[in-house]
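In what follows, every chain begins at residue 1, and chains take the letters A, B, ... in the order their sequences are listed. Side chains included, hydrogens not; waters and symmetry mates left out as well; all remaining heavy atoms used.
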Number of protein chains: 2
Amino acid sequence: MIDPLTDYPGYQLRRASAAAMADLADRLGVLDLRPAEATVLLVIEANPSATLSEVGRLLRIASANMTPLIARLEGRNLIEREPMDGRSQGLMLAPLGRSLTRQVKAVVADHEAALIEKIPATTRDEFLRTLRAIWAGE
Amino acid sequence: MIDPLTDYPGYQLRRASAAAMADLADRLGVLDLRPAEATVLLVIEANPSATLSEVGRLLRIASANMTPLIARLEGRNLIEREPMDGRSQGLMLAPLGRSLTRQVKAVVADHEAALIEKIPATTRDEFLRTLRAIWAGE
DNA sequence: TATTGTTATACTCTATAACTATA
DNA sequence: TATAGTTATAGAGTATAACAATA
């Protein structure tokens, strides 16, 4: 079998990302969290009182998709909403969310460590810069 | 807003891949093809008479998902099946599929060229090697 | 027994359009 | 008018389980 895609950076990027995402999803499964939910928790922790739209813009998740995601986290008592003005809501971690986010960070650290191991040490910074450059300007 | 994810190769990989995939999907939309369908056409062209399972293994697409994908391509008269033995079916491009695959290659080349532009020339080979290393051993 | 292909189903992420309430 | 959030819906990719037919 000939693989006509080995020299396509785009295809290799897709396969690499899919592999990494599958690993992350597996690890987060222990906490009953999906990757998108975990990243939202991390962003809220880093930005207390950030609004749904702000978090969505940072993560490139449309508000129509943020709404049910946030509702699930709220339903599990992981986050709380505080009205900012008549339409905006500040999001912050609830006590349960704070402890779970600590676990998320440990899980993500393990995942990232396993990933980084596969990147030659001398090229790690350049690799990261290149990835950022690929989606920069969105 | 603080982005707690800028230093995570895994997250940057995900964003870069998502951006590249969105660009590819846009471009392939002109041919009324989805990325998975386009890659299947390329693999069949490179490997005439490869079976559904073989193509699926190469692209890491489960046979349960290959079946409807192949059925769509066959329904559009892009590919044909030829029984190999009682259970295997060799896949090959139909005349319509051959000309469409030529267009696919042009579209993919444009897409990949735009992507490669964002990767510093001196690090392109290393970047590709690293991506392959990340999903190697699946 | 193992493999090929199929069916049915569900999950995750993403995308769009239409709507309300507020700024 | 523009923005925040919501609802409903659809698309694309992926995953699992179960199955019939064949090797």
- Shared hydrophobic cluster for A:L33 and A:V107 (ILVMFWY, side-chain gaps under 4.5 Å): yes
- Query: Is there a residue in residues 12-21 of chain B whose heavy atoms reach under 4.0 Å of DNA chain D, and which residues are they?
  - Reply: none
- Less than 4.5 Å apart, any side-chain heavy atom of B:N47 and any of B:V55? no
- Donor-acceptor pair, B:E112 side chain versus A:G10 backbone, under 3.5 Å? yes
- Task: Write down the distance between CG (B:L52) and P (C:dT7), rounded to a whole number of angstrom.
- Result: 12 Å
- Task: Go through B:L58 and A:L5 one step at a time and tell me if the side chain to side chain contact (heavy atoms under 4.5 Å, CB included) criterion holds.
- Result: CA-CA 10 Å; B:L58 189 66; A:L5 308 164; over 6 Å; no
- Message: Please list, in numerical order, the residues of residues 35-45 of chain A that have a heavy atom closer than 4.0 Å to any atom of DNA chain C.
- Response: A:P35, A:A36
- Item | side chain to side chain contact (heavy atoms under 4.5 Å, CB included) between A:F127 and B:I134, intermediate numbers included | CA-CA 12 Å; A:F127 184 72; B:I134 287 173; 3.8 Å; yes
- How long is the line joining CE of B:M66 and C1' of C:dT6, in whole Å? 13 Å
- Item | Whole-Å gap separating C1' (C:dT14) and CG (B:D26) | 13 Å
- Would you mind telling me which residue lines up with the more 5' stretch of DNA chain C, B:N65 or B:T51, judged by nearest nucleotide? B:T51
- Is A:R14 reaching over with its side chain to a backbone N or O of B:M21, donor-acceptor style, under 3.5 angstrom? no
- Minimal non-hydrogen separation, A:M84 against A:S49, with atom names: CE-O, 4.0 Å
- Query: If you find the nucleotide of DNA chain D closest to A:A22 and the one closest to A:R81, which residue's nucleotide is nearer the 5' end?
  - Reply: A:R81
- Query: How far apart are the closest heavy atoms of A:W135 and B:A19, and which atoms are they?
  - Reply: CB-CB, 3.7 Å
- Item | Heavy-atom pair of closest approach, residues B:P120 and A:T130 | CD-OG1, 3.8 Å
- Query: C:dT6 P sits how many Å from B:L91 CG, rounded?
  - Reply: 9 Å
- Side-chain donor or acceptor of A:T39 paired with backbone N/O of A:A36 under 3.5 Å: yes
- Task: Give the rounded distance in Å between these two atoms: CG of A:L69 and P of C:dA15.
- Result: 14 Å
- Item | DNA chain D contacts made by residues 54-63 of chain A, counting heavy atoms under 4.0 Å | A:R57, A:S63
- Any side-chain heavy atom of B:L69 within less than 4.5 Å of one from B:E37? yes
- Verify side chain to side chain contact (heavy atoms under 4.5 Å, CB included) between A:L96 and A:R76, making sure each step is shown before the conclusion. CA-CA 9 Å; A:L96 215 58; A:R76 287 177 61 182; over 6 Å; no
- Partners meeting side chain to side chain contact (heavy atoms under 4.5 Å, CB included) with B:R60 (sequence neighbours left out): A:R15, B:E138
- Query: Would you find a donor on one side and an acceptor on the other, under 3.5 Å apart, between the side chain of B:Q12 and the backbone of A:A133?
  - Reply: no
- Rounded interatomic separation in angstrom, taking CD from B:Q89 and P from D:dA21: 15 Å
- Query: So does A:D125 pair up with A:R129, basic N to acidic O under 4.0 Å?
  - Reply: no
- Message: Looking at A:E126 and A:T123, would you say the former's side chain and the latter's main chain have a donor-acceptor pair under 3.5 Å?
- Response: no
- Quick one, give me the B/S/- string for nucleotides 17-23 of chain C, reading 5' to 3', where B means a protein heavy atom under 4.0 Å from the base and S means that only happens at the primed atoms, P, OP1 or OP2. B----BS
- Query: Between C:dT6 atom C1' and B:I70 atom CD1, what is the distance in whole Å?
  - Reply: 13 Å
- Query: Just checking A:S88: base, sugar-phosphate only, or nothing, at a heavy-atom cut-off of under 4.0 Å?
  - Reply: sugar-phosphate
- Query: Can you list, by residue number, the residues of residues 101-112 of chain A that have a non-hydrogen atom closer than 4.0 angstrom to DNA chain D?
  - Reply: none
- Could you give the CD1-to-C1' distance, from B:I79 to C:dG5, as a whole number of Å? 13 Å
